[in-house]
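Here's the structure, in structure tokens; my notes come after.
Note that these values count all heavy atoms, side chains included, but never hydrogens, waters or copies made by symmetry. In what follows, chains carry the letters A, B, and so on, assigned in the order in which the sequence lines appear, proteins first and then strands, with residues in each chain numbered from 1. Predicted, not measured: the structure shown is a model, and the values here were computed from it.
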There are 2 protein chains.
Amino acid sequence: MLKKQPQAQPEDTALDLGEQLRRCRKEAKLTMQYVADNAGLSVGFISQVERGLAAPSLSSLRSIARVLERPISEFLEQPGSGTGTTRKSRRVSYRVADGSISYERLSANFPGSTLRAVILHEPPGHRSEPISHEGEELFYMLQGEITVEIDGERKILRQGDSMHFASRRKHATWNHTDQTVSILWSGTLDVFGEDANDPIQKNNAQGTSTHSEKKGDEE
Amino acid sequence: MLKKQPQAQPEDTALDLGEQLRRCRKEAKLTMQYVADNAGLSVGFISQVERGLAAPSLSSLRSIARVLERPISEFLEQPGSGTGTTRKSRRVSYRVADGSISYERLSANFPGSTLRAVILHEPPGHRSEPISHEGEELFYMLQGEITVEIDGERKILRQGDSMHFASRRKHATWNHTDQTVSILWSGTLDVFGEDANDPIQKNNAQGTSTHSEKKGDEE
DNA sequence: GCTGCTTTTTTAGCATAGGTAAAATTCTGG
DNA sequence: CCAGAATTTTACCTATGCTAAAAAAGCAGC
């Protein structure tokens with residue numbers, strides 16, 4: 001019988017997956033036999049998966065990832081080689097929602113990336129509607145203080161405080177102060193969209209800057 | 001024939017996966033027929049997957065996720081309900097590497113979470129060894145300036161600047177100044193470990209604070 | 001260099017499940 | 001109420017996810 005080949009994918013990710021599994025296993029100094037035994041699979045199958053000759057099912061991949069103590073996403077999403085530098089002086093501000101909040105994007109957007117970060121500016125008195133969605137997020141208070149409500153429980157965050165939570169929990173914010181607050185927001189889901197909002201403030205002196213998520217805002 | 005059941009998983013994630021696929025599809029206002037056609041699958045299969053009666057292969061899930069325009073990880077890893085609030089006054093500092101760098105953890109650690117954030121303090125003159133690993137990361141300069149080298153290309157980041165890149169690219173930092181710099185680091189891989197390093201500085205007046213990654217550092 | 005053991009690869013094979021087409025059922029807008 | 005759209009269900013099939021075991025390669029000790 002001819003050597004079996006997995007179904008060809010446009011991006012040939014099955015091979016990437018196998019390479020990454022092998023890399024992680026070797027970094028953890030484990031044998032295939034160990035991984036197989038602990039994942040409830042056979043050593044031959046592990047070999048085939050690592051060499052890209054077989055594609056594991058989801059449950060098998062989950063078992064293998066558990067043995068390697070890595071999130072399954074690490075094997076499925078591999079960011080490309082993009083880099084985004086965002087200069088303070090060149091950030092573009094966007095307006096969201098009803099136009100009261102503005103934000104500046106920090107994260108770049110390259111293939112496979114899931115990390116998102118923006119700096120949010122919420123004006124005095126602003127309240128957001130309670131929402132929930134996929135992913136997780138973290139607030140870090142750059143300036144000012146804010147009330148955060150998660151699943152009905154309220155907390156005040158002050159400058160230097162942070163909060164990390166699963167976005168599926170219903171959450172809302174309220175700027176109970178009389179000053180604009182600035183929050184560094186980081187999350188795993190792009191809730192701010194890509195250029196979906198109008199830029200409202202262009203700090204670039206020439207007024208023609210491109211958005212930072214274009215292939216890096218290079219010096 | 002009895003109704004087919006997917007293999008039971010301890011966390012029954014196949015059902016979670018189907019629920020999430022249906023939720024995302026409805027949020028995008030798409031029919032199963034549309035998803036099936038664009039993913040190269042049958043509508044009956046999409047129905048079974050969404051109802052947890054069949055488990056898609058990795059390539060099928062990838063196709064479905066592409067149609068829904070969501071990262072595949074969104075369907076595979078769902079954070080639990082943890083929340084971590086980290087008060088500025090209660091952050092525990094850790095020492096890493098040769099003891100020269102310290103950091104304070106911001107992110108909590110709850111089931112399924114992949115987002116990590118710390119505040120790094122690099123002393124004057126400190127150079128890190130070039131490394132590469134899985135995931136992606138973002139630096140935001142809270143204070144001071146630093147030279148970052150990625151794949152041999154150097155850049156200086158100043159206060160307020162940020163940089164987002166795939167961690168697989170070889171990267172190193174050098175604090176070329178004569179002051180300690182503070183960086184808010186955010187990433188998708190836990191390169192700082194969980195309590196793997198010694199706490200070196202306890203800001204809690206009682207000196208007995210628990211680490212913030214324990215079930216939230218509640219007020 | 002040889003040997004024995006460990007680790008990985010390869011082979012042959014199979015049970016099942018990933019996935020389909022089409023029919024049946026339910027939903028929904030007019 | 002009805003027609004069409006959308007979803008579910010059924011019957012079925014074959015490709016493949018995965019195995020056991022043999023073969024090959026790697027490696028440490030002598």
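B/Ser47 has no side-chain polar atom (N or O) that falls below the 4.0 Å cut-off from OP1 or OP2 of D/dT9. The shortest distance between the side-chain N/O atoms of A/Arg22 and the OP1/OP2 oxygens of C/dT7 is not below 4.0 Å. Taking side-chain N and O atoms only, A/Arg51 has a distance below 4.0 Å to OP1 or OP2 of C/dT10. Here B/Arg25 reaches the OP1 or OP2 of D/dT7: one of its side-chain N or O atoms lies under 4.0 Å away. For A/Ser57 and D/dT16, the shortest distance from a side-chain N or O to OP1 or OP2 is not below 4.0 Å.
Closest approach of B/Cys24 to B/Leu68, counting heavy atoms only: CB-CD1, 4.2 Å.
Per the geometry, CZ belonging to B/Phe45 stands 16 Å off P belonging to D/dT9, to the nearest Å. Per the geometry, CD belonging to A/Gln48 stands 13 Å off P belonging to C/dA12, to the nearest Å. The interatomic distance linking A/Glu50 (CD) with D/dC18 (P) rounds to 15 Å, in whole Å. Spacing between atom CG of B/Leu53 and atom C1' of C/dG19 amounts to 14 Å, rounded to whole angstrom units. Straight-line distance from the CG atom of B/Leu58 to the P atom of D/dG17: 9 Å, rounded to whole Å. If you measure from atom CG of B/Leu61 to atom P of C/dG18, you get 12 Å, rounded to the nearest angstrom. Atom CD1 of B/Ile46 and atom C1' of D/dT9 are 16 Å apart (whole Å).
One finds a salt bridge joining A/Glu50 and A/Arg25 here, because a Lys/Arg side-chain nitrogen approaches an Asp/Glu carboxylate oxygen to under 4.0 Å. The existence of a salt bridge linking A/Asp151 and A/Lys170 is excluded, since no basic side-chain nitrogen approaches an acidic carboxylate oxygen closer than 4.0 Å. For the pair A/Arg169 and A/Glu153, the salt-bridge criterion is not met [side-chain N within less than 4.0 Å of a carboxylate O].
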Audit row: A/Tyr34, A/Thr31, side chain to side chain contact (heavy atoms under 4.5 Å, CB included) steps and yes/no: CA-CA 5 Å; A/Tyr34 178 90; A/Thr31 64; 3.5 Å; yes
A/Arg154/A/Val148 under side chain to side chain contact (heavy atoms under 4.5 Å, CB included): CA gap, chis, key distance, verdict: CA-CA 6 Å; A/Arg154 286 185 175 187; A/Val148 179; over 6 Å; no
ring-ring contact (aromatic ring centres under 6.0 Å, His included) evaluation trace for A/Tyr103 with A/His121: CA-CA 6 Å; A/Tyr103 69 92; A/His121 304 284; 9.4 Å; no
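Within residues 29-44 of chain B, the residues that place at least one heavy atom under 4.0 Å from DNA chain C are, in residue-number order, B/Gly40, B/Leu41, B/Ser42.
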